[in-house]
Protein chains: 2
Amino acid sequence: MELFAEGGFEATTVAGIAERAGVTERTFFRHFADKREVLFAGEGQLEAVLVDAIAGAPADASLADLVVAALAAVGGALQDVRGRDFARVRNEIITANEQLQERELLKLAKLSHAVTAALLDRGVADVPARLAGDLVVSVFSTAFARWIAPDQTRDLVELQREGLAAISELTRVETV
Amino acid sequence: MELFAEGGFEATTVAGIAERAGVTERTFFRHFADKREVLFAGEGQLEAVLVDAIAGAPADASLADLVVAALAAVGGALQDVRGRDFARVRNEIITANEQLQERELLKLAKLSHAVTAALLDRGVADVPARLAGDLVVSVFSTAFARWIAPDQTRDLVELQREGLAAISELTRVETV
DNA sequence: TCGCTGATGTCAGAGGCTGACATCAGCGAG
DNA sequence: CTCGCTGATGTCAGCCTCTGACATCAGCGA
């Protein structure tokens, strides 16, 4: 993280990282599949939180309830895991580099798939499950981006609620 | 495309592609920024279609109207540009490789940003514009995926309409 | 015909990543 | 206590992607 923050992602070589960590380049690649993966390790926890929230919801929960439950769970979990500050530094590094954005998008897509799978497990039909997967991730990541904005003081959960309401607003008219 | 289809993306070297094309490796990299980019060249047209549809909509169009207009435009355009068969081959190559999925996701994200920007240009507020950008791309790509499924005979436009309706259904209850 | 421009070739090299093999510390079985 | 296994690390060679610098060459307008 320090090296990336100093010289940027591309300019930082794996050899440099390894040296700073006191190991070999080869050892680095045994811990991380990728140079990029350093910034995304431990992302699997988020997925677990979402999936658990959906799987653990009451039996009579509607799809909409499940969406809300999933969002509430991530919102709550993220407050503790890492501070907003860490997220900000990391985010700055990522937004400065397209390769990293690609990786982030892949992770988000996997998140979406995980949500979809969890919904399918509960008997939700295919198409709604997919779209709800996308929707959860979309609302989450939009709220997250706003949450780590420089002057933002509001709660992540609150921002998510707002986003969900906006989508609801947006789609209310379309089917007419 | 032939080489990728035969041996897969990773196993195919740029040297191999260049040789098949009768040029040098260096020349390949002057035409494509990336080995992956071969499969995504010309993607910018899609963006143009979406943006034009939004920019060219009637002045009194609501946000919902704009979403519908954008989807109708891509749906219409894609029918002609490339056949479904080409899209299928390409898709098979992409789904077989994570690197390519990353690139695809990046392209979709750019599409989303372009839509968002076009909406902002029309005076749509920030948050709705972002979410609508995601929504358009989500509906489009979900419908597209279904469109190129092996046994699918239905129209892309029709599949999109169905997806949009599903989301509308999904969000109607949440704000209560 | 000259000289410019754009596309291509050639070459060398950095950096990401992998496989194969060696080393070594720790730890449980005997 | 010692042997032998296991897992983590180091070492080495090498492939492949991608880039900068320079040379070449065809076409085209002055």
Side-chain angles (χ1 to χ4, degrees), chain A residues 1-45 47-48 89-110, chain B residues 1-45 47-48 89-111 113:
Chain A
M1 288 281 295
E2 290 167 16
L3 292 175
F4 288 156
E6 283 169 28
F9 178 77
E10 293 208 40
T12 306
T13 70
V14 172
I17 301 172
E19 191 189 4
R20 177 74 144 258
V23 296
T24 322
E25 205 177 315
R26 192 65 185 88
T27 297
F28 173 91
F29 282 112
R30 278 194 264 255
H31 286 276
F32 303 98
D34 226 50
K35 179 181 165 190
R36 286 180 279 169
E37 201 61 20
V38 195
L39 288 162
F40 298 93
E43 200 86 332
Q45 296 174 17
E47 189 174 310
V89 177
R90 178 174 169 280
N91 191 256
E92 201 164 325
I93 296 170
I94 291 176
T95 50
N97 184 286
E98 273 206 349
Q99 292 178 54
L100 293 173
Q101 289 169 48
E102 290 190 31
R103 179 56 52 86
E104 174 145 272
L105 290 166
L106 184 67
K107 297 291 184 180
L108 290 176
K110 284 184 174 173
Chain B
M1 287 281 296
E2 290 169 16
L3 292 174
F4 289 156
E6 283 170 26
F9 178 77
E10 293 208 43
T12 306
T13 70
V14 173
I17 300 172
E19 190 190 4
R20 177 72 144 260
V23 296
T24 323
E25 207 176 316
R26 193 64 185 86
T27 298
F28 173 90
F29 283 112
R30 276 195 264 253
H31 285 278
F32 304 99
D34 223 52
K35 179 181 166 191
R36 288 179 277 168
E37 201 62 20
V38 193
L39 289 161
F40 298 93
E43 202 85 334
Q45 296 173 17
E47 191 175 309
V89 176
R90 178 175 168 280
N91 191 255
E92 201 164 325
I93 296 171
I94 290 176
T95 50
N97 185 284
E98 273 205 350
Q99 292 178 56
L100 293 173
Q101 289 169 49
E102 291 190 31
R103 178 57 52 85
E104 174 146 272
L105 290 166
L106 183 68
K107 295 291 183 179
L108 290 176
K110 284 185 176 174
L111 224 51
H113 288 154

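Chain letters run A, B, ... following the sequence lines, proteins first and then strands; every chain starts at 1.
- Between B/E47 and B/K107, none of the side-chain N atoms (NZ, or NE/NH1/NH2) sits under 4.0 Å from a carboxylate O, so this pair counts as no salt bridge.
- Side-chain atoms of A/R36 stay outside donor-acceptor range of the base of C/dG16, with no qualifying N/O pair under 3.5 Å.
- Atoms CD1 and CG, from B/I93 and B/L39 in turn, are 5.5 Å apart once rounded to the nearest 0.5 Å.
- Counting only heavy atoms from C-beta on, A/E25 has its side chain closest to C/dG16 among C/dG16, D/dT17, D/dG10.
- Straight-line distance from the CD atom of A/E37 to the C1' atom of C/dC17: 14 Å, rounded to whole Å.
- The CD atom of B/Q99 sits 11 Å away from the C1' atom of D/dC16 (whole-angstrom rounding).
- Side chain A/R30 to base D/dG7: no donor-acceptor pair is found below 3.5 Å.
- Following rounding to the nearest Å, A/E19 (CD) and C/dG16 (P) show an atom-to-atom distance of 14 Å.
- Taking atom CD of residue A/E10 and atom P of nucleotide C/dA14, one finds them 17 Å apart after rounding to whole Å.
- Rounded to a whole Å, the CZ atom of A/F28 is 11 Å from the P atom of C/dT18.
- In this model, the phosphate group of C/dA7 is not approached by any side-chain N or O of B/H31 to a distance below 4.0 Å at OP1 or OP2.
- Across all strands shown, D/dC25 forms a Watson-Crick or G-U wobble pair, both distances under 3.5 Å, with C/dG6.
- If you measure from atom CZ of B/F29 to atom C1' of C/dC11, you get 16 Å, rounded to the nearest angstrom.
- Taking atom CG on A/D34 and atom C1' on C/dG16, their separation rounds to 9 Å, with Å as the unit.
- If you check every strand for non-hydrogen atoms under 4.0 Å, A/T24 touches a base.
- Base pairing annotation: D/dA30 forms a Watson-Crick or G-U wobble pair with C/dT1, both donor-acceptor distances under 3.5 Å.
- No cation-pi contact links A/R90 to A/F4, judged by a cut-off of 6.0 Å to the six-membered ring centre and 45° from its axis.
- The partner of C/dC17 is D/dG14, judged by Watson-Crick or G-U wobble contacts that both fall below 3.5 Å.
- Residue B/T27 places no side-chain N or O under 4.0 Å from the OP1 or OP2 atom of C/dT8.
- Classification of A/E102 and B/R36 as a salt-bridged pair holds, one side-chain N sitting under 4.0 Å from a carboxylate O.
- Donor-acceptor pairing under 3.5 Å, judged by distance alone, is present between the side chain of A/R26 and the base of C/dG19.
- Ion pair B/K110/B/E43 not flagged as a salt bridge, since none of the NZ, NE, NH1 or NH2 atoms sits closer than 4.0 Å to an Asp/Glu carboxylate oxygen.
- Rounded to an integer number of Å, the gap from B/K35 NZ to C/dC17 C1' is 13 Å.
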